[in-house]
Amino acid sequence: MFFAKLCRIAAYLALVLGAFKVVMGLFGASFPPEDRIAFARHVLGSADTGEAIDKGTYYIGIAIIFGVLFEICSHIKQINDKS
């Protein structure tokens with residue numbers, strides 16, 4: 001069950017990090033073009049705000065996969081505990 005709990009923690013962390021990158025990428029996209037690139041490089045660590053949004057949605061997708069794996073593990077444990 002240790003790995004299931006680790007998977008759940010990883011899912012939450014990936015979800016928070018992904019949501020943060022998406023929100024900050026959308027916030028940075030409202031800047032003028034020269035400031036947008038500087039904001040993306042210094043704050044987000046990306047070449048452009050669009051790249052940060054893409055990475056954020058990728059992290060959210062990974063979080064969903066980890067969440068599904070956790071749910072599968074918890075249901076398998078419940079089935080094994082009943083038998």
Side-chain angles (χ1 to χ4, degrees):
M1 197 63 189
F2 170 74
F3 289 109
K5 290 182 181 180
L6 187 64
C7 187
R8 185 178 196 183
I9 292 169
Y12 281 123
L13 288 175
L15 182 66
V16 168
L17 180 64
F20 177 75
K21 274 200 163 288
V22 168
V23 168
M24 291 302 288
L26 290 173
F27 175 70
S30 66
F31 295 160
E34 59 276 352
D35 294 337
R36 183 181 316 151
I37 294 172
F39 177 79
R41 286 185 182 157
H42 295 291
V43 177
L44 300 174
S46 301
D48 194 8
T49 55
E51 183 181 333
I53 294 170
D54 289 343
K55 284 183 182 179
T57 55
Y58 178 74
Y59 292 154
I60 291 172
I62 295 294
I64 291 170
I65 291 170
F66 280 150
V68 168
L69 287 175
F70 171 74
E71 288 295 323
I72 291 170
C73 288
S74 64
H75 286 298
I76 289 174
K77 184 180 183 301
Q78 287 176 358
I79 291 170
N80 287 338
D81 288 344
K82 287 182 182 179
S83 59

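Partners of A63 according to the side chain to side chain contact (heavy atoms under 4.5 Å, CB included) rule, which considers only residues two or more places apart in sequence or in another chain, are A14, L15. I76 meets the side chain to side chain contact (heavy atoms under 4.5 Å, CB included) test with I72, N80; sequence neighbours excluded. For I65, the side chain to side chain contact (heavy atoms under 4.5 Å, CB included) partners two or more places apart in sequence, or in a different chain, are L69. Applying the ring-ring contact (aromatic ring centres under 6.0 Å, His included) rule to F31 yields the partners F27, F39; only residues at least two apart in sequence or on another chain are considered.
Between K21 and L44 the shortest heavy-atom distance is NZ-O, 3.0 Å. In terms of heavy atoms, G28 sits closest to T49 at C-CG2, 3.7 Å.
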Check residues 51-61 and write down every donor-acceptor pair under 3.5 Å in which the side-chain atom is one partner and the other belongs to a residue at least two apart or another chain.
unit_1: E51; atom_1: OE1; unit_2: A47; atom_2: N; d: 3.4
unit_1: T57; atom_1: OG1; unit_2: I53; atom_2: O; d: 3.3
unit_1: T57; atom_1: OG1; unit_2: D54; atom_2: O; d: 2.8

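Residue pairs meeting the salt bridge (charged side-chain N to carboxylate O under 4.0 Å, His left out) criterion with at least one partner in residues 28-47, sequence neighbours excluded, do not occur; the list is empty. Within the structure, every pair that satisfies the side chain to side chain donor-acceptor pair (under 3.5 Å) test and touches residues 62-78, not counting sequence neighbours, is listed here: K77-D81.
L13 belongs to a hydrophobic cluster whose remaining members, ordered by chain and number, are I9; membership requires side-chain heavy atoms of ILVMFWY residues under 4.5 Å apart, directly or through intermediates. Through direct or indirect side-chain contacts shorter than 4.5 Å among Ile, Leu, Val, Met, Phe, Trp and Tyr, F70 is connected to no other residue. Cluster partners of Y12, using a side-chain heavy-atom cutoff of under 4.5 Å among ILVMFWY residues and allowing indirect links: none.
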